[in-house]
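The next block holds one structure in the form of structure tokens; read it before the comments.
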Number of protein chains: 2
Amino acid sequence: MSAGEFNSWQTVQAEVLRRINSREWRPGEFIPNEAELAVEFGCARATVNRALRALAESGLLDRRRKAGTRVALNPVRKATLAIPVIRYEIEGKGQSYRHTVLSKQRAAPPAGIRARMRTEPGVKLMHLVTLHLADGKPYVFGDRWINTEAVPGIETADLNAQSANEWLVANIPFEGGDFTFSAMTAGPREAEILACKEGEGLFVIERSTWNAAHVITTVRLTFAPGYRMHTEI
Amino acid sequence: MSAGEFNSWQTVQAEVLRRINSREWRPGEFIPNEAELAVEFGCARATVNRALRALAESGLLDRRRKAGTRVALNPVRKATLAIPVIRYEIEGKGQSYRHTVLSKQRAAPPAGIRARMRTEPGVKLMHLVTLHLADGKPYVFGDRWINTEAVPGIETADLNAQSANEWLVANIPFEGGDFTFSAMTAGPREAEILACKEGEGLFVIERSTWNAAHVITTVRLTFAPGYRMHTEI
DNA sequence: CAGATTAATATGTATATACTTATAGTTCAA
DNA sequence: TTGAACTATAAGTATATACATATTAATCTG
């Protein structure tokens with residue numbers, strides 16, 4: 001089985017993939033260690049390491065020091081989906097982009113938001129409701145809370161000129177975020193804002209972003225009917 | 001600025017991140033090349049390469065040969081979301097899992113499906129409708145088409161014992177897939193199958209998977225109200 | 001025999017060196 | 001002035017070597 005020459009990490013990766021797919025190496029099974037594979041493939045261990053590391057990152061292999069490398073039992077397929085800035089998404093489709101601020105005020109958030117923002121009771125946040133339009137038609141509206149303490153400069157920013165999301169992306173570095181995707185049924189408010197019928201199913205993204213010290217912002221994006229989010233693996 | 005010692009790729013990465021976040025290196029701007037950074041950080045070029053490559057993969061840097069490395073202008077944040085096998089997802093919540101096959105037949109698919117499956121007109125596929133239940137309550141139902149030509153053995157598989165998805169994951173290696181997430185409004189059929197009210201908003205995942213030669217399967221998963229898909233970055 | 005100690009081992013990482021490859025920029029020719 | 005040919009450059013990769021680190025397995029103790 002000393003198959004020819006696999007002297008680039010891509011060819012090594014391809015060969016390992018082939019063996020996994022052909023069940024030569026079965027799920028849960030340990031595969032030979034890096035040193036052995038390097039000899040068999042006629043390449044350096046670092047090359048094997050690169051190939052296996054990439055496969056482990058994509059979820060097909062499980063690796064542990066000393067224990068070794070095994071074919072993943074239940075390969076969790078990971079789709080990486082790009083989170084777009086709404087303006088780019090709309091303009092990318094060749095449509096015109098516009099947004100309007102429906103309301104902007106300082107207020108103490110309801111309990112649910114406060115929990116997500118991890119702020120003390122009574123602390124006021126900036127509450128912003130924005131509608132984004134594609135070719136003049138409602139596309140998505142965002143109900144956003146911003147921790148003004150974590151975001152110096154937001155108070156004086158002109159959020160009519162640049163949407164809060166864009167302003168934040170451009171000005172406030174963040175370290176992590178979480179995303180929830182779901183569906184909701186349009187009520188009177190959504191129907192009015194998005195110019196759709198009450199009772200329609202709407203796609204919803206909830207997103208929080210944070211840095212080391214604070215939760216920066218949490219936003220709920222409710223999309224007009226027909227929105228589709230797409231990704232490939 | 002010859003800042004101390006950055007002699008592991010993680011510390012190099014952290015320092016580069018710091019400079020990006022602090023705007024020392026601004027979006028769109030070229031950063032010094034690997035060799036220069038290696039000298040400045042007091043480490044090998046390979047170490048810098050590892051750090052920058054990781055940052056490029058996560059979308060914060062743009063790299064091109066000869067041109068160099070620049071800070072990404074619009075950092076596309078990528079969330080990697082794990083595509084779960086439904087049984088694991090349900091059992092992971094501590095609920096009991098059960099599934100039933102509502103219908104299974106060979107049929108020529110409608111045009112939309114045929115386009116996705118890339119089959120010739122008249123070719124019959126396996127059409128499978130399955131309901132998955134959590135603690136006995138409808139959780140999601142799947143409307144699936146399988147290219148039997150691409151999937152040897154599926155005809156004789158007992159899809160009552162093991163769901164089609166699980167059978168496929170365990171038996172048919174695939175190379176790529178695409179995913180679409182959207183919302184729909186429950187019609188009479190969805191309301192009946194999912195035991196929900198007509199007019200409720202439902203979360204929908206459409207997914208196709210393929211290997212080198214064929215589109216293997218395409219499935220539309222319609223979730224009962226309340227479903228939320230979550231991910232972090 | 002339970003629990004602590006030690007050894008063995010596979011992956012993880014760092015480094016110097018060398019070569020490859022894509023491509024931006026320049027030069028040259030039609 | 002366009003475009004083809006060339007060149008210089010920065011990232012990309014491969015390799016040998018060395019050492020670090022996590023973790024299993026074996027061994028030693030009480």
Side-chain angles (χ1 to χ4, degrees), chain A residues 2-17 19-20 24-73 75-76, chain B residues 2-17 19-20 24-73 75-76:
Chain A
S2 67
E5 284 295 287
F6 298 97
N7 41 9
S8 82
W9 73 267
Q10 286 98 333
T11 57
V12 170
Q13 190 187 44
E15 172 63 9
V16 170
L17 253 178
R19 293 189 187 183
I20 294 172
E24 201 168 315
W25 292 338
R26 324 204 60 169
E29 207 173 277
F30 279 100
I31 74 174
N33 69 39
E34 293 185 350
E36 288 165 10
L37 287 176
V39 171
E40 186 194 335
F41 291 152
C43 66
R45 184 168 78 87
T47 307
V48 175
N49 180 281
R50 181 93 154 79
L52 298 188
R53 189 155 39 82
L55 289 171
E57 267 164 26
S58 69
L60 271 97
L61 294 176
D62 286 331
R63 321 194 74 201
R64 288 232 315 286
R65 284 186 190 179
K66 159 75 183 179
T69 301
R70 58 170 70 195
V71 180
L73 252 179
V76 179
Chain B
S2 67
E5 286 294 287
F6 299 98
N7 42 9
S8 82
W9 73 267
Q10 286 99 334
T11 57
V12 170
Q13 190 187 45
E15 172 63 9
V16 170
L17 253 178
R19 293 188 188 184
I20 294 172
E24 202 167 316
W25 292 338
R26 322 203 62 169
E29 207 173 276
F30 279 101
I31 75 174
N33 68 38
E34 292 186 350
E36 289 165 9
L37 287 176
V39 171
E40 186 193 334
F41 291 152
C43 66
R45 184 167 79 86
T47 306
V48 175
N49 180 281
R50 181 91 154 81
L52 298 188
R53 188 156 39 81
L55 288 171
E57 268 164 27
S58 68
L60 271 97
L61 295 176
D62 286 331
R63 320 193 75 199
R64 289 233 312 286
R65 285 185 190 180
K66 158 77 181 175
T69 300
R70 57 169 71 194
V71 180
L73 250 180
V76 179

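A:L55 pairs in a side-chain contact (heavy atoms from CB on, under 4.5 Å) with only one of the listed residues (A:V12, A:L61, A:T69), which is A:L61.
Computed from coordinates, the B:R50 CZ to D:dT13 P distance equals 12 Å when rounded to whole Å. With rounding to whole Å, A:Q13 atom CD is found 11 Å from D:dA14 atom P. Regarding A:R53, its CZ atom lies at a distance of 13 Å from the C1' atom of D:dT13, rounded to whole Å. One interatomic measurement links the two molecules: CG of A:N49 to P of D:dT13, which rounds to 14 Å at whole-angstrom precision. Spacing between atom CD of B:E34 and atom P of D:dA10 amounts to 11 Å, rounded to whole angstrom units. Spacing between atom CD of B:Q10 and atom P of D:dT21 amounts to 11 Å, rounded to whole angstrom units. Residue A:W9 contributes atom CH2, which lies 11 Å from atom P of D:dG12 at whole-angstrom precision.
Dashed line: the shortest gap from a side-chain N or O of B:T69 to OP1 or OP2 of D:dA11 is under 4.0 Å.
Residue contacts shown for B:R45 include a base, since a base heavy atom lies under 4.0 Å away. Within the 4.0 angstrom heavy-atom criterion, only backbone atoms of the sugar-phosphate kind lie near A:N7; the bases stay farther away. If you check every strand for non-hydrogen atoms under 4.0 Å, A:E36 touches nothing.
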Quick one: do B:E15 and B:E40 satisfy side-chain contact (heavy atoms from CB on, under 4.5 Å)? Show the steps, please.
CA-CA 12 Å; B:E15 172 63 9; B:E40 186 193 334; 5.8 Å; no
Going through the checks in order, is the salt bridge (charged side-chain N to carboxylate O under 4.0 Å, His left out) test met by A:R63 and A:E34?
CA-CA 11 Å; A:R63 321 194 74 201; A:E34 293 185 350; 2.6 Å; yes
A:T11 vs A:F41, test: side-chain contact (heavy atoms from CB on, under 4.5 Å). Steps then yes/no.
CA-CA 10 Å; A:T11 57; A:F41 291 152; over 6 Å; no
Determine, step by step, whether B:L52 and B:I31 satisfy the side-chain contact (heavy atoms from CB on, under 4.5 Å) criterion, reporting the C-alpha distance in whole Å, the side-chain angles of both residues, the deciding distance to 0.1 Å, and the verdict.
CA-CA 11 Å; B:L52 298 188; B:I31 75 174; 4.2 Å; yes
side-chain contact (heavy atoms from CB on, under 4.5 Å) between A:V39 and A:E36: does it pass, once the steps are laid out?
CA-CA 5 Å; A:V39 171; A:E36 288 165 10; 5.8 Å; no
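Considering every non-hydrogen atom in both A:P32 and A:W25, the closest pair reads CD-CZ2, 3.6 Å. What you find for B:R45 and B:A35 is that their closest heavy atoms are CD-N, 4.0 Å.
Remark: A:R70 CZ to A:R64 CZ distance equals 7.5 Å, nearest 0.5 Å.
With DNA chain D read from its 5' end, the first of the two nearest nucleotides for B:A35 and A:A46 is the one closest to B:A35.
In 5' to 3' order, the nucleotides of DNA chain C bounding all contacts with chain A (an atom under 4.0 Å from a heavy atom) are C:dA8 to C:dT13.
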All N/O pairs under 3.5 Å across the protein-nucleotides 3-9 of chain D interface:
unit_1, atom_1, unit_2, atom_2, d
D:dT9, O4', B:K66, NZ, 3.4

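Under 3.5 Å, the side chain of B:R64 and the base of D:dG12 form no donor-acceptor pair of N or O atoms.
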